[in-house]
Q: 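Pasting a structure here, questions to come.
Bear in mind the structure is a predicted one, so any value in this text is a computation, not a measurement. In the text below, chain A, chain B and the rest are named by the order of the sequence lines, each starting its count at 1. Just so it is clear, the values below take in all heavy atoms, side chains as well, and ignore hydrogens, waters and symmetry mates.
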Amino acid sequence: GAGVSQSPSNKVTEKGKDVELRCDPISGHTALYWYRQSLGQGLEFLIYFQGNSAPDKSGLPSDRFSAERTGGSVSTLTIQRTQQEDSAVYLCASSPSRAGGPNTGELFFGEGSRLTVL
Amino acid sequence: GESVGLHLPTLSVQEGDNSIINCAYSNSASDYFIWYKQESGKGPQFIIDIRSNMDKRQGQRVTVLLNKTVKHLSLQIAATQPGDSAVYFCAENIRGAQKLVFGQGTRLTINP
């Protein structure tokens, strides 16, 4: 597609349920990022995938959070046993190389998935 | 530690005036800086970026200034328009880290 696509755009769930958020990056982009944005806050890094390399999971807040990227394209962020503090907008971004990379350093963001945990 | 912060959380400017949004960073190893604009309910959109070997870069109505001596970054928007109202984030890439570290954001409001 023309841009980064995320689904669902909105998700309301009950505390303790598992949720899956999906990201379709821009075709050909090797780097894929997940960020979390709480209300009125900046973007918090969660995880980074680059090609076939092992992902950088240093930003995942707990072992309830996991992500995978299949075939170097689509990525799924899974949150198990959701808690109210998980409520946030989850943003996915992709890049042709990497953040700050040699050609274009920018990340291209999707519209986000807004998660509300009741 | 690693941090990118903003001096002012909110800024109001009269339409047609120029605006300046400031950002401080703490990591001298950062080699790439970028400004994003985020409108309500949307993902961040790229505005302009600058590498650490530059002091200034200009785009259409926007200029980014980088002062490495005091670790300060600014975004200047000329002749502001109502559509410029949004939250603006600065972000840095720390050399070797391959990820952007974002600041808290500044809400810019353009008054008619």
Side-chain angles (χ1 to χ4, degrees), chain A residues 2-7 9-10 21 23-26 30-51 53-60 88-114, chain B residues 1-10 21 23-27 29-54 57 59 62 64 66 73 86-107:
Chain A
V4 177
S5 178
Q6 293 188 245
S7 62
S9 55
N10 279 286
L21 307 176
C23 173
D24 281 275
I26 294 172
T30 58
L32 187 147
Y33 296 78
W34 283 98
Y35 281 83
R36 176 170 71 175
Q37 185 174 30
S38 300
L39 185 63
Q41 299 296 312
L43 280 68
E44 175 190 4
F45 168 79
L46 297 177
I47 188 168
Y48 160 57
F49 296 90
Q50 175 63 273
S53 302
D56 176 353
K57 304 180 182 179
S58 61
L60 295 179
V89 175
Y90 290 82
L91 290 158
C92 176
S94 68
S95 176
S97 56
R98 56 171 174 79
N103 295 317
T104 174
E106 68 177 284
L107 303 186
F108 296 79
F109 282 88
E111 300 279 89
S113 291
R114 179 176 297 278
Chain B
E2 306 167 4
S3 68
V4 179
L6 295 169
H7 294 306
L8 296 172
T10 61
I21 301 173
C23 183
Y25 65 96
S26 61
N27 199 313
S30 295
D31 60 359
Y32 174 80
F33 305 86
I34 189 168
W35 283 98
Y36 279 93
K37 172 186 179 182
Q38 187 176 30
E39 296 175 280
S40 181
K42 296 187 176 182
Q45 295 176 284
F46 169 85
I47 302 175
I48 192 167
D49 58 4
I50 189 168
R51 297 191 183 274
S52 58
N53 60 352
M54 301 174 68
R57 193 168 186 214
V62 294
V64 55
L66 176 63
L73 187 71
V87 177
Y88 290 80
F89 293 96
C90 65
E92 65 179 328
N93 178 70
I94 301 165
R95 190 178 298 113
Q98 302 183 74
K99 63 189 179 190
L100 293 179
V101 175
F102 282 80
Q104 287 289 81
T106 291
R107 179 173 299 281

Q: Looking only at non-hydrogen atoms, find the nearest pair between Y48(A) and Q98(B) and report the distance.
A: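 Looks like OH-OE1, 3.1 Å.
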
Q: Compute the ring centroids of F102(B) and F45(A), then answer whether they are less than 6.0 Å apart.
A: no

Q: Contact part of Q37(A) toward chain B, heavy-atom cut-off under 4.5 Å: side chain, backbone, both or neither?
A: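 When you check distances to chain B, only side chain atoms of Q37(A) fall under 4.5 Å.
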
Q: Excluding sequence neighbours, so at least two apart, what forms side-chain hydrogen bond (donor to acceptor under 3.5 Å, both in side chains) with R95(B)?
A: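 Partners of R95(B) by the side-chain hydrogen bond (donor to acceptor under 3.5 Å, both in side chains) criterion come out as none, since no residue qualifies.
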
Q: Please report the interatomic distance OG(S95(A)) to NZ(K99(B)), rounded to the nearest 0.5 Å.
A: 15.5 Å

Q: Tell me the closest heavy-atom pair linking G43(B) and E111(A), and the distance in Å.
A: N-OE1, 3.4 Å

Q: What part of S9(A) gets within 4.5 angstrom of chain B, counting heavy atoms only: side chain, backbone, both, or neither?
A: neither

Q: Without hydrogens or angle criteria, can the side chains of Q41(A) and Q104(B) be said to hold a donor-acceptor pair below 3.5 Å?
A: yes

Q: Is chain B contacted by the side chain of L91(A), its backbone, both, or neither, given a heavy-atom distance below 4.5 Å?
A: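 Just its side chain gets close to chain B.
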
Q: I would like to know whether Y36(B) and F109(A) meet ring pair (Phe, Tyr, Trp, His ring centres under 6.0 Å); could you show each step before the answer?
A: CA-CA 10 Å; Y36(B) 279 93; F109(A) 282 88; 5.3 Å; yes

Q: Would you say that L100(B) contacts Y33(A) through its side chain, given a criterion of any heavy-atom pair below 4.5 Å between the two side chains?
A: no

Q: In terms of heavy-atom proximity below 4.5 Å to chain A, should Q38(B) be classed as side chain, backbone, both, or neither?
A: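 The side chain, not the backbone.
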
Q: Checking E39(B) now: which residues fulfil salt bridge (Lys or Arg N to Asp or Glu O under 4.0 Å) with it, not counting sequence neighbours?
A: none

